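A quick write-up on the structure given underneath.
Only a predicted model underlies this, so the values are computations on that prediction, with no experimental measurement involved.
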Amino acid sequence: MSQSRPSRALLIVNTDFHGRGGHPVPGRRRGAKREAEKLSQVLSRLNYEVTLRLNQTAKEMEDLYQRERGHQHGDFFVSVISSHGEDGVVLGCDSEPLKLARIFQLLSSEEFPVLSRIPKIFFIQACRGGELDHGVAVECDSGEPEPDGFSDYLAIPPQSAVMFSCSPGYVAFLNISGSMFLQALLKVLEGEERHLALNRLLTRINWEVAFCCQARGTYEGCKEMPCFITNLQEEVFPFSAPIAQGADGV
């Protein structure tokens, strides 16, 4: 009996940045590289063929998604982006912005029909604004969404789930040990909860970050609240494969 083709995972992690046109240079993201390497190892053990790329410019990031057209794909496609950002935008290591809507467009059915039929799962570790979450309750209808941010939601490819490390307008935290969000993802993937259907798994990550994590140092006590959107039409189990030993990313 032939073995099924491994699913693919693309991890892009920017830790060191240089400026553009006199603009301030975003700070170094200590802890992000080690966290990404561990994610790569865990996904490899879950039968993903992993590509990990560090310190990519905005154009290089776009090109990596373009090149996914030339790859053979298994049952799922997973991508993790860890960088500085704003709502609807992630930064390349050249401090240039790349719109998430552009990434989603590249993987849409019109642009790439091969990927349109398989579930695509994105984890975005990046700030979405400058507000600090102090953990107070907020009314859900207290404000209108920014039009540009809402258009990014509408732009996600078919058969996709996108999980953000924080809510629109807020910062996402990272320290030398890693980020709240991706550490929670790692904890779930390394435990029995990886066998959950995706929507339940993502909800578990929400709970883990909301109730078990808080910022340290300058922002001691501040919180963050991940959120996700999806247009998947059935339950999927992307991380339920038996864990293999000794697998590594590429």
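The closest side-chain donor-acceptor pair between T57 and E96, if any, does not fall under 3.5 angstrom. In this structure, a donor-acceptor pair under 3.5 Å is absent between the side chains of T230 and N199. Of the N and O atoms on the side chains of Y48 and S40, not one donor lies less than 3.5 Å from an acceptor on the other residue. Residues R30 and T15 bring no donor and acceptor atom of their side chains to less than 3.5 Å of each other.
Ring planes of F122 and F104: perpendicular class, angle over 60° (limits at 30 and 60°).
Exactly one residue among E35, R29, K33 makes a side chain to side chain donor-acceptor pair (under 3.5 Å) with S82. That residue is R29.
Residues L196 and V188 share a single hydrophobic cluster, defined by chaining ILVMFWY side chains whose heavy atoms lie under 4.5 Å apart.
Atom CD1 of residue I229 and atom CE of residue M163 lie 11.5 Å apart, to the nearest 0.5 angstrom. Atom CG of L232 and atom CD1 of I121 lie 7.0 Å apart (nearest 0.5 Å).
Side-chain atoms of N47 do not come within 3.5 Å of backbone N or O of P6 as any donor-acceptor pair. At distances below 3.5 Å, at least one donor-acceptor pair connects side-chain atoms of S165 with backbone N or O atoms of A126.
Looking at R102 and E62, a side-chain N of the basic residue comes within less than 4.0 Å of a carboxylate O on the acidic one, giving a salt bridge.
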